[in-house]
A.B. asks: 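Dropping a structure here in structure tokens format, bear with me for questions.
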Amino acid sequence: MICVDTETTGLYLQHGCTAFSIGVYDGNTFTHSTVPVSPRSRARTCSHTQEIKDRIRSAETIVMHNARFDIKALCEAGVFSWDDPVDPAFWRRVIDTIHLAHLHNSTDRLSLDNLTALYLEKEYPQEDELVTTVNLCRALVRKLELDWDIAREDGEHCSFRMCGSNTEWNRMDYWLPAAVLESIPVSLRPNLPNARLSRVLLEYLQADVTNTFELAQFFFHQILVKHGDKSEELLNINRQLDHVLWKMEYKGVWLRSQETRAAIESCYHYINHLKQECLSLSGLDRLTDTTIRILLFENWSLPVVSQTKKGNYSVNAETLLRLHRDAEPDSTAYRFLGSYLSLKKYEKKLQFLQSYLNNRTGKGHLHPSFHASGTNTTRFSSSNPNIQQVTKAGNPYEDDAPYVANYLRKSPSLRSCFGPAPGHWWLDCDYSQLQLRIFAYVANEQGMIDAFNKGWDAHDYVARCIFSLRDTETPTKAQRRIAKNVNFGFIFGASPKKIEQTAGIRGLWSTVTSLFPNAHAFIEETKAYIQRHGLVYTVGGYPLALKDYLNKHTGEYEKAAHAGVNYIVQGAEGVIVKRAMRLCDDYLTSEYPEGRIVLQCHDELVFEFPAYFPKKHVWNIVNLMEQAASEYGIHAPVDPELCTQSWNKSVKVQR
DNA sequence: GACACCAGCAT
DNA sequence: CCCGTGCTGGTGTCA
């Protein structure tokens, strides 16, 4: 077993970089080498570079912290080929301490230094010194415009691609490798203590690999003691997707550049107009939270709606919307608030659109990162960009603020900027009401389960129960909304008070508990369990810690208790969807390699296939996703939709 | 420049 | 206080 860590050049790998420092630790000795990856690199090649590469290649077990990140670097450095990690067998010898740490305690901050401090009770070598040293070097490189192939953020001046492979998809930002530090001529570094230059970095590299090694041992021991024979199965919940995520990140998501540019134009058009209007209505010279706060609550003396955590008067959308509705129609405040709300929406949208365009690689793909251990609950997180927060079409003010809605009606949909690459189609598979179904099943609420099985709408069903409607009656819009609040309250583990507050009905909770006795009992049992054990188990036995539990004596316990219900439900969702992804990827690999998973959005999987692909694959995928849920005892139907143009326009697939 | 706060987007 | 989990970006403050 060896531990491997890499330190990469400090700018964007997507535009090329100079060299990597690679550290290896086998439990006894630490060795390192710097591997130049650019043909023009001035980094010195260490004599034992080849030896290190061979050791990594032939190692039986490689332990890394956040393995996908370092493996990208190792591919860049030529240790592995870019296709190696596509094979699930490749990952059988990779142990990722981030997965171990997540299983050990899912609420820990999973950074190496934090885990080291927590469990090894060790200090890192002078991180401050490393940071300042590296920053000095970067500044020096920038200032003197040295002729090193260190990539630049703007990318325009650095066009070469390394190793003839697709290296555009990955961004890294970290330290300068030791060889680069050493190669700065002594005469050019008056502020840098010579001997320390690379020593600091190497100390850090050594600390990283040895700590990773020790953490792996610690976590393995803890996990085996706690979970015994189930350890492998539990670890597999995240490990099973290592190669799947590799492929997803590598191939990326197609961005429709034309639509994106058009959407940006459209945003600018409205922003210019609305900004002028806001400025002239308010007499302000700039629009920030602070100036708005003064304008509304001091100059205009509008009533305070709520306060922020720090005690400032809130100026969020909810507040502004209420003030807008309470204002005299056509008054200055009314018009200002309406325009400002619309302006903010457009500005937010523009922000997203520009980030998409900026993150795009040469061929027009975005390459979001997916983090299997990125949440407390086993759900995924996504970043650069976060593909899980791309807005659907819709006008949030359509119902209750026509003045605002009017401005937003032509607002572009962000999902329309994504879609299948030319010549392809997307298959978009959604679990229907997955979270609510999970809740019904884990709470063993038979009436709800029956309703689901009959194909009823969950919100309608609960509305009928609460308002004791006859079969012939349909719930009103308001009744449905209240039922929706109750349902979400169940899922989120909201407190009775909160549920009654959002629904606006006092005494609602006692109605609900009598209507759904098992659900109520489940919530109470969960709370009692948390009080005793400080954690919950979701389906499949994966433990989910509750970080606020330790503070229970200071009142945080109640919070943790309510969160516990939510953890079980979200955790089950995460586990099920991960299983589904693995099943679908296995299926595609063996039966239809032209297809692939493009992205995951919590209860939604998106696949890309060649246009006019055989329809049978739709139903096989649907069946596999449903199978994943049923393996955990949950019946959850999947609705397949087809996108031929954009993510925003999908058509239900008929049986 | 680092950091905290506030906000807004998703499921 | 009591609705969970994430990510990103702008603003303002502080050193």
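In this text, all values refer to a predicted model and were calculated from it rather than measured experimentally. Per chain, numbering begins at 1; letters A, B, ... match sequence-line order.
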A.B. asks: Partners of Y441(A) by ring pair (Phe, Tyr, Trp, His ring centres under 6.0 Å), sequence neighbours excluded?
C.D. replies: none
A.B. asks: Classify the side chain of Q388(A) versus the base of dG6(C) as yes if they form a donor-acceptor pair under 3.5 Å and no if they do not.
C.D. replies: no
A.B. asks: Looking at dG10(C), I'd like to know if its phosphate oxygens (OP1 or OP2) sit under 4.0 Å from a side-chain N or O belonging to K344(A).
C.D. replies: no
A.B. asks: Should T288(A) be listed as having a side-chain N or O under 4.0 Å from OP1 or OP2 of dT11(C)?
C.D. replies: no
A.B. asks: Look at the side chain of Q435(A) and the backbone N and O of E573(A), then say whether any donor-acceptor pair between them is shorter than 3.5 Å.
C.D. replies: no
A.B. asks: What is the nucleic acid contact for V315(A), judged by heavy atoms within less than 4.0 Å: base, sugar-phosphate only, or nothing?
C.D. replies: sugar-phosphate
A.B. asks: Kindly say if S383(A) contacts the phosphate of dC7(C), meaning a side-chain N or O under 4.0 Å from OP1 or OP2.
C.D. replies: no
A.B. asks: What integer distance in Å separates L414(A):CG from dG9(C):P?
C.D. replies: 13 Å
A.B. asks: Mind running side-chain hydrogen bond (donor to acceptor under 3.5 Å, both in side chains) on H273(A) and Y346(A) for me, showing each step along the way?
C.D. replies: CA-CA 11 Å; H273(A) 171 245; Y346(A) 277 110; over 6 Å; no
A.B. asks: Side-chain N or O of N384(A) versus OP1/OP2 of dT8(C): is the shortest distance under 4.0 Å?
C.D. replies: yes
A.B. asks: In whole angstroms, how far is the P atom of dC7(C) from the CG atom of L366(A)?
C.D. replies: 18 Å
A.B. asks: Between atom OH in Y340(A) and atom P in dG8(B), what is the gap in whole Å?
C.D. replies: 8 Å
A.B. asks: Give the nucleotide from the list dG8(B), dG12(C), dG4(C) with an atom nearest to the side chain of R286(A).
C.D. replies: dG12(C)
A.B. asks: May I have the distance from I523(A) (atom CD1) to dC2(C) (atom C1'), rounded to whole angstrom?
C.D. replies: 15 Å
A.B. asks: To the nearest angstrom, how far is L350(A) atom CG from dT8(C) atom C1'?
C.D. replies: 14 Å
A.B. asks: Would you mind reading off the distance between Q389(A) atom CD and dT5(C) atom P, rounded to a whole angstrom?
C.D. replies: 17 Å
A.B. asks: Is the number of heavy atoms from other residues, nucleotides or ligands under 6.0 Å of R506(A) CZ greater than 12?
C.D. replies: no
A.B. asks: I need the NE2-C1' distance between H602(A) and dG4(C), as an integer number of Å.
C.D. replies: 12 Å
A.B. asks: At 4.0 Å (heavy atoms only), tell me whether K309(A) reaches a base, stays on the sugar-phosphate, or touches nothing.
C.D. replies: sugar-phosphate
A.B. asks: Can you check whether Y567(A) has a side-chain N or O nearer than 4.0 Å to OP1 or OP2 of dT5(C)?
C.D. replies: yes
A.B. asks: Taking only side-chain nitrogens and oxygens of K392(A), does any of them come within less than 4.0 Å of OP1 or OP2 of dT11(B)?
C.D. replies: yes
A.B. asks: Do you know which of N376(A), T526(A), T378(A) makes side chain to side chain donor-acceptor pair (under 3.5 Å) with Y567(A)?
C.D. replies: N376(A)
A.B. asks: Less than 4.0 angstrom between a side-chain N/O of T308(A) and OP1 or OP2 of dC6(B), yes or no?
C.D. replies: yes
A.B. asks: Would you say a side-chain N or O of K310(A) is under 4.0 Å from OP1 or OP2 of dC5(B)?
C.D. replies: yes
A.B. asks: What nucleic acid atoms does Q351(A) come within less than 4.0 Å of, heavy atoms only: base, sugar-phosphate, or nothing?
C.D. replies: sugar-phosphate
A.B. asks: Calculate the interatomic distance between N376(A) atom CG and dC7(C) atom P; express it in whole Å.
C.D. replies: 10 Å
A.B. asks: Within the structure shown, what part of the strands sits under 4.0 Å from K349(A) by heavy-atom distance: base, sugar-phosphate, or nothing?
C.D. replies: nothing
